[in-house]
Each structure stands twice: as structure tokens, then as C-alpha cells.
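Within every chain, numbering begins at 1; the chains are lettered A, B, ... in the order of the sequence lines, protein sequences first and strands thereafter. Values below: every heavy atom of this structure, side chains too, minus hydrogens, waters and symmetry copies.
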Amino acid sequence: MNSTLHTIRCQFNQAMVTQFGEHLAGTDPLLVPASHPKFGDYQSNIALSLAKQLGHPPRTIAQQLVHQLTVDGELAKICEPPAIAGPGFINLRLHTPYLEQQLQAIQAHPRLGIPLPSHPQPIIVDFSSPNIAKEMHVGHLRSTIIGDSIARILEFQGHHVIRRNHVGDWGTQFGMLITYLREVCPQALTTADAIDLGNLVTFYQQAKQRFDTDEAFQHTARTEVVKLQSGDPHSRIAWQLLCEQSRREFQLIYDWLDICIEERGESFYNPFLPNVVAELEDAGLIVKDAGALCVFVDGFTNKDGDPLPLIVQKSDGGFNYATTDLAAIHYRIQTEGATRIIYVTDAGQSHHFAHIFAVAREVGWLNDSIQVVHVPFGLVQGEDGKKLKTRSGETIRLKDLLDEAIARARTDLITRLKAEEREETDEFIQVVSRSIGLAAVKYADLSQNRTSNYIFSFDKMLDLRGNTAPYLLYAYARIQGISRKGNIDFTRLPNGIQIHLQHESELVLTRHLLQLDEILSEVERELLPNRLCHYLFELSQKFNQFYDKDRGCPVLTAEEPLRTSRLIICNLTARTLQLGLSLLGIPVLQRM
RNA sequence: GGGUGCGUAACUCAGCGGAUAGAGUAGCUGCCUUCUAAGCAGCGAGCCGCAGGUUCGAUCCCUGCCGCACCCGCCA
């Protein structure tokens with residue numbers, strides 16, 4: 001909420017200095033959300049941690065701090081008198097008039113009280129990154145969804161974000177594919193769309209198999225890459241045709257998922273690759289080993305415990321992904337001026353990125369003013385706990401996966417409509433089932449801590465109960481239902497009027513509403529969208545408790561001025577849900 | 001063999017060095033002459049993998065071990 005925590009922190013700091021001396025200036029007062037609602041909103045654990053240093057019992061320290069805070073007086077504008085509990089916790093409870101005033105403030109604020117940063121940063125988010133000549137499959141799901149959400153959050157926070165699709169459009173696989181196509185389907189190399197993408201994928205698999213087993217083929221393929229990389233016109237035309245075809249296919253998926261991303265494939269960096277090697281050479285980092293040009297940095301060893309090289313130029317003269325990734329870092333920093341680069345790829349690549357970053361640091365492209373991070377995520381597993389595959393053991397195409405989610409959402413919806421004897425248009429059914437299906441897939445992914453593997457289950461993600469997209473969307477739709485029922489235009493509710501918080505459930509709800517800014521800055525820092533999901537889930541639960549006819553409080557049937565006050569709370573909840581979901585890449589529904 | 005990540009309720013998962021470790025599902029029990037029950041309230045369910053260590057305090061940090069997953073020289 002509008003800097004509440006910041007204000008409290010300052011007050012604590014001041015009190016610490018006044019009571020215990022200047023050396024405590026800037027010491028973190030260890031303010032955290034209360035561990036249990038009965039303790040209030042926040043707690044400071046500082047007294048416990050200062051006990052040893054100051055040589056006093058923690059409760060005495062807490063008493064001195066509370067005394068000083070009371071004398072200073074500022075805190076009383078926000079909180080009820082601080083309470084000391086247990087071994088020396090200082091518990092803080094925001095008082096109701098402050099909550100009422102804060103709600104009023106965010107109601108009038110288009111960003112719900114979230115401030116813009118004073119120093120917006122240029123940030124590159126590198127995500128999705130499918131490979132040309134392959135279809136997008138389940139392996140691209142997490143990078144695409146998590147990367148998009150991170151980009152949305154950073155954009156909302158006011159940063160200048162470049163969403164970057166580092167597609168695999170270069171390298172050995174193309175030599176392989178072109179060589180193979182020349183044998184089995186030469187027209188594909190000269191005519192647009194001579195074969196459909198499904199076949200292209202099959203050809204790719206066959207080419208890969210040949211490459212792995214046939215040495216002569218492997219050699220020809222490698223030569224083909226070198227030809228392509230050196231600009232041979234026939235190779236380039238073939239390559240462009242393949243890229244164009246894949247690109248259209250990717251775009252279809254991105255349109256479905258409402259993902260905006262700018263393609264800049266590996267090939268873009270081709271002209272810069274020799275220079276990368278040259279700069280490494282100039283820095284004295286290049287070592288020739290078995291014909292390949294390598295860089296050795298401390299801390300990287302292979303399975304025998306020997307130093308592990310980063311190969312930047314292969315013995316055949318070709319460059320590889322390490323070279324490309326280095327060129328990309330260089331370009332992103334030098335030319336694009338990025339101060340933060342975020343790579344959203346699977347956890348299996350951690351080692352590779354650590355290696356690349358270490359070399360970039362060694363050569364001096366990276367320094368402390370630039371933050372380069374790998375944001376790893378775990379595998380998508382089937383319900384058997386193994387890597388998600390079709391029954392026949394093939395990789396699942398992303399398109400099929402999304403189709404199935406939508407189809408299942410549609411079946412659920414139709415069953416529900418029948419049970420409730422509702423009549424809806426075909427268009428409604430189509431829009432709603434599509435929206436729920438896609439939202440469910442996205443939310444299921446985002447709501448897990450990204451670092452662990454997660455088990456993919458259509459049944460769980462489409463469940464109308466629990467921490468799922470449908471539950472959150474329903475909470476939103478319920479609120480819109482209030483506006484329809486009461487003929488109330490939420491956008492025309494009066495601004496700046498006194499909010500009244502009386503009922504326990506509305507206090508609980510509004511306390512939660514006012515925590516959005518803390519959650520968002522945490523998510524920005526940790527790059528963990530599941531924290532936002534958790535927040536929104538709790539918000540939905542708290543709304544449903546507030547709206548419950550037994551234990552909650554009446555809204556439409558309440559007397560003024562409570563009625564308007566509660567309608568404002570409803571609308572603030574809806575706006576918060578809508579904003580939060582939008583940051584996850586999920587649009588809301590008015591009815592469902 | 002080395003490296004990285006993970007081991008928390010029957011299942012799927014949260015958990016920020018702090019108080020009695022939390023959700024959701026599943027199971028059981030209540031609440032619809034309705035501000036949409038797709039909801040709400042409640043009950044039971046835990047050696048937080050094991051063993052040490054650091055700390056006033058450890059599910060969280062460190063070390064070792066066990067189990068699982070992924071990575072480990074010219075693919076990306």
C-alpha cells in the first residue's frame with residue numbers, strides 16, 4: 001500500500017538510533033508481515049536480533065523501542081499502539097481510519113496506488129525461443145508463459161522492457177535439415193510452403209537421425225552450415241523459406257496466448273561472431289585445444305575434474321551457441337544499453353549460462369552495474385511424474401495441448417449450463433471456454449514455484465475450486481454480477497467519499513487489497529510470479545468470505561452509507577483481480 | 001565420478017532465520033423460501049528425507065549421507 005511499510009521502517013530506524021545510538025542507522029528493523037492475523041499486520045523482529053549485540057534482554061529492547069515510537073508519535077497515525085509479545089516481537093496493527101483513508105486513496109488512483117519507479121531500467125527479457133523447423137511443443141510452454149508474465153510485471157512497474165525471442169534459426173540443425181531436404185524433397189529449398197510444417201518436423205527428425213548415425217551425412221551437413229554462415233545464396237534462400245514458414249506457425253500460438261514478442265534469432269548475431277572471438281583473443285583468453293578455440297575460466301570442470309572449456313569456435317571453423325550467446329550479451333549491453341538481462345530457460349541450462357556469464361565478466365563486458373540473470377524453471381511432467389509425453393511417447397505439440405484445454409473447458413461449461421438451465425449463445429460458449437482453457441494452462445504453470453518441476457493435470461487446472469484460474473475468474477465474475485444485479489456502474493461510483501470498515505470480513509479483505517504493492521515489488525525482485533498467484537487466490541477467498549451471506553456482510557441490501565462503501569470495496573477487489581490477472585497474461589470475463 | 005535443483009499432510013503444492021509449519025484436492029460434517037452454493041464454515045490428517053553443526057531461535061543457513069530429476073568438450 002502507499003509506502004506504509006516504508007513509513008514504518010523509517011520510524012523504527014529513527015527510534016533505534018535515538019535509543020541505542022548512531023551506529024544502528026540504516027540497520028534493517030526486520031519488519032515482516034505478521035506470522036498470524038491475531039498478531040496484527042506487521043511484526044518487527046529487531047529486538048531479538050539486537051539482544052546479543054546490546055547485551056540486554058530482547059523484551060527490554062522492545063520496550064525501549066516501543067516507548068520511543070510512542071514519544072515520536074508518527075507511528076500513531078498509522079497503527080494502534082505497538083504490542084510486545086512472546087520473546088520480544090513487536091506487533092503492529094494498522095488502525096481502521098488509516099485503512100479507510102488508504103482505500104480512498106487507491107480508489108482514485110488508476111494504478112491502484114502502485115508507484116512508478118524513479119529510475120526506470122532498460123531490461124531485456126529473453127524468453128520462449130523455439131527452434132525454426134520444429135513445432136512449438138510443451139517444452140516451450142513454461143518459458144513462454146513465465147517470460148511473458150515477467151515482462152508484463154516489469155512493464156507495469158514502468159521499466160523499458162524489450163521482449164526478445166532468441167529463436168534457434170542458425171547452427172548445425174540447418175545444415176542437417178538442408179542437406180536432408182536436398183536428398184528427399186529438393187523443391188522445399190526453392191519454393192515457399194512446398195511441404196507443410198508437420199512434414200518438415202518429420203524431415204527434421206529423420207535428418208537428426210541420419211546426422212547421429214551417418215558420418216558422411218554429418219560431414220556434408222557441417223559443410224552446409226559453414227556455407228550458410230558464409231552467405232551462400234542457395235543456402236540462404238532455403239533457410240529463409242524454412243524460417244518464414246515456422247515463423248507463421250509460431251505466431252499462431254502467440255496470438256492465441258496473447259503474447260507479444262520481438263524475434264531476433266541467433267542468425268542476427270552472425271556478423272558479430274568473428275569479433276567476439278577477436279575480443280576474447282585480444283584479452284588473452286583464447287586457448288586452442290584439439291583444433292577448437294576455447295576459453296577457460298576458473299570454477300568450471302568436466303567429469304574428470306579437468307578445466308572445462310567454453311568452445312567459441314569449432315575445429316571446422318564454425319561457431320556454436322556459446323559464441324552466439326556471448327555475441328548477444330555483448331550486443332545487448334553495448335548497443336541496446338540493457339542494464340538487466342533476464343533469460344527464462346529451463347534449469348538444465350544453468351551451467352551453460354553460468355559459464356557464459358563468467359566468460360563475459362572475464363572479458364570485461366559485464367560489470368556490477370549490469371545485472372544478468374538466468375531465471376530457471378523445472379520440467380513439465382505427466383501425472384506419472386515423468387517428462388510429459390503423449391501416450392505413444394511423442395512430444396506433445398503446444399497447439400494440441402491448448403486445444404485440449406479449451407475442449408475440456410467447453411465440455412465443463414456445457415454441462416454446467418445444462419445443470420443450471422441457462423441458455424447462452426454459441427459465441428458466448430466459444431469465447432468463455434477458450435478463455436478459461438487458456439487461462440487454466442497459464443495459471444497452472446505460473447502458480448507453481450517455477451524452480452521445481454510441475455505435474456501437468458488438465459483436471460486440476462480446470463477445477464472450479466482451489467487455486468486455479470477458473471476460481472479466480474469466477475470471483476471476478478461474481479463481483480461483476482453484483483453490478484448487474486444492482487444496476488450499478490462501478491466506474492461511476494463516487495470518488496473521495498468516506499469508506500466505512502465495520503465487519504471483520506471487510507477489514508480482512510481490505511487489509512489484503514492494500515498489500516498489492518508489496519507483493520509486486522517482491523515479485524519484481526525475486527521474479528517469482530507464483531507469489532502474485534498466491535496473493536490473488538487469497539484475495540478471491542477473502543472476497544468470497546466477505547460476500548458470504550451467512551458470515552460475510554450484505555452489499556446491495558446494506559443501508560447507506562455502508563452500501564456505497566462496500567460497493568467501492570467490491571470494485572477495488574475487481575480492479576485488483578483484473579490487474580493481477582493481466583500481469584499473468586490472463587484476461588477476465590464479465591460472465592462465465 | 002563431478003555439478004545443480006528438489007525431498008513438507010493420502011495427493012498436488014505454498015512457506016520471507018522467528019511465535020502453535022500452511023493452502024488446495026480427496027475423506028467426513030453443517031449451511032441455499034439465494035446480493036450466482038463455481039460459494040462459505042468446520043473436523044481429521046505432519047519425525048518438514050536422515051544425521052550432525054552454526055544460532056538466543058533452523059523446514060529455511062553450513063557439512064555429510066540417502067532418494068529422485070536434470071546437466072557435464074566442439075547440439076541448443
Side-chain angles (χ1 to χ4, degrees), chain A residues 30 32-36 38-39 43 45 48-49 51-52 57-58 85-89 91 129 131 166 168 170-173 176 208 211-212 222 266 289-294 300-306 308-316 318-322 324-325 345-352 354 376 378-379 381 383 385-387 412 416 420 447-449 451-455 457 459-460 463-468 470-471 473-475 477-478 481-482 484-486 522 526 530-531 533-534 537-538 541 544-545 547-552 554-558 566 570 591-592:
Chain A
L30 303 178
V32 291
S35 62
H36 193 280
K38 72 183 172 195
F39 299 134
Q43 65 184 62
N45 302 330
L48 293 109
S49 79
K52 192 158 199 183
F89 301 111
N91 290 334
S129 308
N131 292 318
H166 190 77
W170 210 235
T172 316
Q173 79 256 29
M176 209 169 79
K208 171 90 172 106
F211 186 85
D212 291 340
R222 290 226 161 96
E266 296 173 338
D289 189 27
L293 300 188
C294 307
F300 294 85
T301 52
N302 66 14
K303 54 188 158 200
D304 302 320
D306 299 327
L308 180 74
L310 187 77
I311 294 173
V312 292
Q313 188 159 16
K314 299 185 283 182
S315 48
D316 64 8
F319 300 104
N320 61 9
Y321 65 103
T324 307
D325 282 345
T345 76
D346 68 277
Q349 295 186 50
S350 311
H351 200 260
H352 165 67
L379 284 179
Q381 299 172 310
E383 299 199 45
K386 295 195 176 143
K387 199 170 168 180
D412 283 355
R416 222 168 58 230
E420 292 169 17
S447 61
Q448 308 263 330
N449 183 319
T451 54
S452 41
N453 295 344
Y454 96 96
I455 296 185
S457 160
D459 287 336
K460 288 207 164 109
D463 200 326
L464 307 165
R465 303 151 309 161
N467 188 7
T468 64
Y471 178 84
L473 290 172
Y474 177 61
R478 271 187 115 178
I482 297 171
R484 283 191 296 274
K485 177 97 180 184
E522 182 186 317
E526 314 273 344
N530 67 305
R531 300 266 165 88
C533 294
H534 185 73
F537 174 55
E538 288 192 323
Q541 280 184 315
N544 281 329
Q545 286 155 9
Y547 192 51
D548 187 69
K549 72 178 183 333
D550 291 339
R551 286 157 227 268
V555 177
L556 286 172
T557 53
R566 286 179 181 161
C570 287
R591 295 196 306 126
M592 58 190 279

- Message: Of the options B:A37, B:A14, B:C40, whose atoms approach the side-chain atoms of A:R478 most closely?
- Response: B:A37
- Query: With distance as the sole criterion, is a donor-acceptor pair present between the side chains of A:N544 and A:Y474 under 3.5 Å?
  - Reply: no
- Are any of A:R531's side-chain N or O atoms less than 4.0 Å away from OP1 or OP2 of B:C16? yes
- Message: Counting the atoms with a prime plus P, OP1 and OP2 as sugar-phosphate, which does A:P309 contact under 4.0 Å by heavy atoms, base, sugar-phosphate, or nothing?
- Response: base
- Message: Which nucleotide, if any, forms a Watson-Crick or G-U wobble pair with B:G17, using both distances under 3.5 Å?
- Response: none
- Across every strand shown, the nucleotide meeting Watson-Crick or G-U wobble geometry with B:G57 (both distances under 3.5 Å) is none
- Spacing of the C1' atoms in B:G49 and B:G5 (rounded, Å): 15 Å
- Query: When we call it a touch if two heavy atoms are under 4.0 Å apart, what does A:S49 touch: a base, just sugar-phosphate, or nothing?
  - Reply: base
- Item | Length of the CE-P vector between A:M592 and B:G39, whole Å | 10 Å
- Message: I'd like the P distance from B:G52 over to B:U59, given in whole Å.
- Response: 14 Å
- Query: Nearest-Å distance, CD1 (A:I455) to C1' (B:A14)?
  - Reply: 16 Å
- Task: Indicate yes or no for a side-chain donor-acceptor contact from A:N320 to the backbone of A:I311 under 3.5 Å, with no hydrogens or angles considered.
- Result: yes
- Task: Answer with yes or no whether the side chains of A:T451 and A:N449 bring together a donor and an acceptor at under 3.5 Å.
- Result: yes
- Length of the CD-P vector between A:E538 and B:C16, whole Å: 14 Å
- Message: At less than 3.5 Å, do the side-chain atoms of A:K38 and the base atoms of B:U20 form a donor-acceptor pair?
- Response: yes
- Could you give the distance separating B:G44 and B:A10 at their C1' atoms, to the nearest angstrom? 12 Å
- Against the side chain of A:L464, the closest entry in B:A41, B:A38, B:C35 is B:A38
- Item | Rounded distance in Å - NZ (A:K460) to P (B:G24) | 15 Å
- Message: For A:S35, is there any backbone N or O sitting under 3.5 Å from a side-chain donor or acceptor partner on A:Q43?
- Response: yes
- Checking all strands, does A:T557 fall into the base, sugar-phosphate, or nothing category for heavy-atom contacts under 4.0 angstrom? nothing
- Query: Would one find a side-chain N or O of A:N467 under 4.0 angstrom from OP1 or OP2 of B:A23?
  - Reply: no
- Query: How is A:A85 classified with respect to the nucleic acid when contacts are heavy atoms under 4.0 Å: base, sugar-phosphate, or nothing?
  - Reply: base
- Rounding to the closest angstrom, what is the interatomic distance between B:A9 and B:A45 at atom C1'? 6 Å
- Message: In whole Å, measure the gap between the C1' atoms of B:C65 and B:G22 for me.
- Response: 29 Å
- With a non-hydrogen cut-off below 4.0 angstrom, is A:G348 in contact with a base, only sugar-phosphate, or nothing? sugar-phosphate
- Query: A:L464 versus A:Y471: any side-chain heavy-atom pair under 4.5 Å?
  - Reply: no
- Task: Rounded to the nearest angstrom, tell me the gap between atom CZ in A:R465 and atom P in B:C13.
- Result: 18 Å
- Message: Does A:Y471 reach a base, just sugar-phosphate, or nothing at all? Heavy atoms under 4.0 Å.
- Response: sugar-phosphate
- For A:N530, which contact category applies under a 4.0 Å heavy-atom criterion: base, sugar-phosphate, or nothing? sugar-phosphate
- Kindly indicate whether the side chain of A:H351, heavy atoms from C-beta on, has any atom under 4.5 Å from the side chain of A:L308. yes
- Task: Under a 3.5 Å limit for both distances, which nucleotide forms a Watson-Crick or G-U wobble pair with B:C68, could you say?
- Result: B:G5
- Item | d(CG, A:N449; P, B:C13) in whole Å | 11 Å
- Find the partner of B:U25: check Watson-Crick (N1-N3 plus N6-O4 or O6-N4) and G-U wobble (N1-O2, O6-N3) distances, both under 3.5 Å, and reply none if neither fits. B:A10
- Task: Give one of base, sugar-phosphate or nothing for A:A322, where a contact means two heavy atoms less than 4.0 Å apart.
- Result: nothing
- Item | Atom pair distance, as rounded to whole Å: NE2 in A:H351 and P in B:C70 | 17 Å
- Message: So A:A347, base contact, sugar-phosphate only, or nothing? Heavy-atom distance under 4.0 Å.
- Response: nothing
- Query: Which part of the nucleic acid, if any, lies within contact of A:R222, taking any heavy atom under 4.0 Å across all strands shown: a base, the sugar-phosphate backbone alone, or nothing?
  - Reply: sugar-phosphate
- Under 4.0 Å between any heavy atoms, over every strand shown, what does A:D412 touch: base, sugar-phosphate, or nothing? Just pick one. nothing
- Query: Within the structure, does a side-chain N or O atom of A:R551 lie under 4.0 Å from either OP1 or OP2 of B:C31?
  - Reply: no
- Message: Is there, by distance only and without an angle test, a donor paired with an acceptor across the side chain of A:D548 and the base of B:A37 below 3.5 Å?
- Response: no
- Message: Under 4.0 Å, counting only non-hydrogen atoms across every strand here, what does A:A290 touch: a base, just sugar-phosphate, or nothing?
- Response: base
- Task: Answer with yes or no whether A:Y321 presents, from its side chain, a donor or acceptor under 3.5 Å of a partner atom in the base of B:A76.
- Result: yes
- Query: For B:C74, which nucleotide in any strand shown is its Watson-Crick or wobble partner with both distances under 3.5 Å?
  - Reply: none
- Would you check if A:M176 and A:K208 make a side-chain contact, meaning some heavy-atom pair closer than 4.5 Å? yes
- Task: Determine whether any donor atom in the side chain of A:R416 lies under 3.5 Å from an acceptor atom in the base of B:A38, or the reverse, and answer yes or no.
- Result: yes
- Query: Roughly how far apart, to the nearest Å, are B:C47 and B:C35 at atom P?
  - Reply: 44 Å
- Query: How many Å lie between OH on A:Y547 and C1' on B:C31, as a whole number?
  - Reply: 17 Å
- Could you measure between the two P atoms, the one in B:A21 and the one in B:C48, and give it in whole Å? 10 Å
- With the side chain of A:L379 defined as its heavy atoms from C-beta on, choose the nearest nucleotide among B:A37, B:A69, B:C16. B:A69
- Validation row: A:Q448, A:N530 side chains within 4.5 angstrom (heavy atoms): no
- Message: Which nucleotide wins on minimum distance to the side chain of A:Y474, given the candidates B:C56, B:C74, B:A37?
- Response: B:A37
- Rounding to the closest angstrom, what is the interatomic distance between B:C31 and B:A58 at atom P? 46 Å
- Query: Is A:Q43 side chain donor-acceptor paired with the B:A19 base, going by distance under 3.5 Å alone?
  - Reply: yes
- Answer with yes or no whether the side chains of A:D346 and A:Q349 bring together a donor and an acceptor at under 3.5 Å. yes
- Closest nucleotide among B:G2, B:U12, B:U25 to the A:Q448 side chain: B:U12
- Query: If you find the nucleotide of RNA chain B closest to A:F537 and the one closest to A:S452, which residue's nucleotide is nearer the 5' end?
  - Reply: A:S452
- Message: With hydrogens left out and only the distance checked, is there a donor-acceptor pair under 3.5 Å joining A:D289's side chain and the base of B:G73?
- Response: yes
- Any side-chain N or O of A:K314 less than 4.0 Å from the OP1 or OP2 oxygen of B:C75? yes
- Member of A:T468, A:D463, A:N467 meeting the side chain to side chain donor-acceptor pair (under 3.5 Å) criterion with A:R465: A:D463
- Syn or anti: how is B:C56 classified when any glycosidic angle within 90° of 0 counts as syn? anti
- Task: Would you tell me if any nitrogen or oxygen in the side chain of A:Q541 comes within less than 4.0 Å of OP1 or OP2 on B:G24?
- Result: yes
- Task: May I ask you to say what A:N45 touches in the nucleic acid, namely base, sugar-phosphate or nothing, with a heavy-atom cut-off under 4.0 Å?
- Result: base
- In terms of the nearest nucleotide of RNA chain B, which residue is placed more toward the 5' end: A:L556 or A:D550? A:D550
- Query: Which one is paired to B:U63, where only Watson-Crick or G-U wobble pairs with both distances under 3.5 angstrom count?
  - Reply: B:A51
